[in-house]
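Remarks on the structure that follows.
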2 protein chains.
Amino acid sequence: MRVLIVEDAADMAEAVRGHLHRAGMTCDVAGTVAAAEDHLAVTTYDALVLDIHLPDRTGTELLRDLRARGLRVPVLMLTALFSVDDRVSALDHGADDYLVKPFDHRELEARLRALIRRNAAQKGEELKLGRLSWNPATLGARVDDERIDLTRRETVLLGLLIRNAGRTMSKERLYEGLFSFSDTDVGLNAIELYIARLRKKLAGSGVAIETRRGLGYRMDTDG
Amino acid sequence: MRVLIVEDAADMAEAVRGHLHRAGMTCDVAGTVAAAEDHLAVTTYDALVLDIHLPDRTGTELLRDLRARGLRVPVLMLTALFSVDDRVSALDHGADDYLVKPFDHRELEARLRALIRRNAAQKGEELKLGRLSWNPATLGARVDDERIDLTRRETVLLGLLIRNAGRTMSKERLYEGLFSFSDTDVGLNAIELYIARLRKKLAGSGVAIETRRGLGYRMDTDG
DNA sequence: GCCAAGCTGTCATAAACCTGTCAGGGCGCG
DNA sequence: CGCGCCCTGACAGGTTTATGACAGCTTGGC
């Protein structure tokens, strides 16, 4: 769950970030459209929270550009105006939902979750590999019918690997998925650590995490 | 049991909310079709109580749209008119039941419960797990044949957990099911509290509520 | 109405355990 | 062989969860 918040009012942005973070989402903040585009060029997000009024350009313009480029990431617009025109305009430009300021943080969270879930549902659930299966909805992993308990980070890491089974994931890519920019100063070593822990818990599952020296890791059926 | 009340007369809406609340249901109120749609976009309800006459559009139109979208949530219509036409019209548009104002609140509650039960019946009744059983219709819980007394919130929480037995439910998800938007400022901590209380009452029932740190809670047979 | 009983949710404190660093050693590749 | 990358056990924080005590509200009985 990685979310980009595009909002120039620093206190507002921080408040939203705090709430979503507590809700288990990883958040980055951009104060301008330019900054937002920089983030988007580098990282893949599960959703955007987008203010309409920004210093350099309007959020609507950013949204239109994104859709023109074929990006289908869920977007929730924020607006200070309660006007049907604004709402229609936002939805016309490809927003998935909108919210009028001031809003209840729990409502923002709930709607965002709904958007992300809706989006994720289209991609299909319950991934399997060898005798291992993983369900992103229930956060459960099983080998045959026996459950394996994973911690939060292990769960995220397994998700990244199994969704890209057969492909080599660079350590940096995994790092990005696992930690947000605000997780200050976590060493790359942490990835190695979680790979090791995951390997231990996945022993005998018919699935292996191969090390590809200098390139990254690849999950695949073992043997 | 989460119910959305769509009614523009505030006093009427509040009265209904009060009664259903006392009957152990979690209620949200929407005064317009637009507001109702916003709620529906965010949350899943077990039933709708829908007035026909609303400020922006008619309840019938909302109902038709819902059915067109394939939503099969049980809907009980309220109408001030005693007219066979109105009744037929409502049922034609996909309402499951209707009630003519003024009505007895106990009747509303009974019919609503019947609708929910009918809907739940399709999904299978009387949930069992270990030596614990829970009846969604009567909201009663038993261990073997001995009844255990649960408070309202405990009942709702048990329902959420047992319906999703074996699945990890995030604290936020439980929170959504347990508290409505009008329960202002209830801390997430409250979930932990009710988990603790439920665990105490469920001791020796063969059922355990496991903590998955950072992820949520999971109910399952213990041992 | 009024009172008692019980349900609710907050707070503070303690416990549990997840996280990430470090360091020592292993292994592959040039 | 040597360098650099990777593995992994142990450990110190730090964050999340558990739980008892308490005050405000509701509810139901009288």
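Residue numbers begin at 1 in each chain, while the letters A, B, ... track the order of the sequences.
Considering only residues two or more places apart in sequence or on other chains, B:Ala165 meets the side-chain contact (heavy atoms from CB on, under 4.5 Å) condition with B:Leu129. A search for salt bridge (Lys or Arg N to Asp or Glu O under 4.0 Å) contacts involving B:Asp28 returns B:Arg2, not counting sequence neighbours. For A:Asp8, the side-chain contact (heavy atoms from CB on, under 4.5 Å) partners are A:Asp51, A:Leu54, A:Pro55, not counting sequence neighbours. Partners of B:Arg113 under the salt bridge (Lys or Arg N to Asp or Glu O under 4.0 Å) rule, at least two apart in sequence or in another chain, are B:Glu109. Here B:Asp11 pairs with nothing under the salt bridge (Lys or Arg N to Asp or Glu O under 4.0 Å) rule; sequence neighbours left out. Checked against salt bridge (Lys or Arg N to Asp or Glu O under 4.0 Å), B:Asp185 has no partners two or more places apart in sequence or in another chain.
Within the structure, salt bridge (Lys or Arg N to Asp or Glu O under 4.0 Å) pairs that include any residue of residues 203-214 of chain A comprise A:Glu210-A:Arg218 (at least two apart or interchain). Contacts classified as side-chain hydrogen bond (donor to acceptor under 3.5 Å, both in side chains) and involving residues 196-205 of chain B (residues at least two apart or in different chains) are given here: B:Glu154-B:Lys201, B:Arg199-B:Thr211.
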Show every donor-acceptor pair shorter than 3.5 Å between a side-chain atom in residues 186-195 of chain A and any protein atom, with sequence neighbours excluded, or say none if there are none.
unit_1, atom_1, unit_2, atom_2, d
A:Glu192, OE2, A:Lys171, NZ, 2.8

Per-nucleotide protein contact along nucleotides 5-10 of chain C, 5' to 3', at a 4.0 Å heavy-atom cut-off (B base, S sugar-phosphate only, - neither), is --SBBB

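The overall bend of the helix from C:dG1-D:dC30 to C:dG30-D:dC1, read as the angle between its terminal helix axes built from five base pairs each, is 40° when rounded to 10 degrees.
By the neighbour-count criterion of 12 heavy atoms within 6.0 Å, atom CZ of B:Arg163 is densely surrounded, having more than that number from other residues, nucleotides or ligands.
When rounded to the nearest whole Å, the span between CD of A:Glu192 and C1' of D:dC5 equals 7 Å.
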Sort me out a list of protein N/O and nucleotides 26-29 of chain D N/O pairs below 3.5 Å, or just none if empty.
unit_1, atom_1, unit_2, atom_2, d
D:dT27, OP1, B:Arg22, NE, 3.3

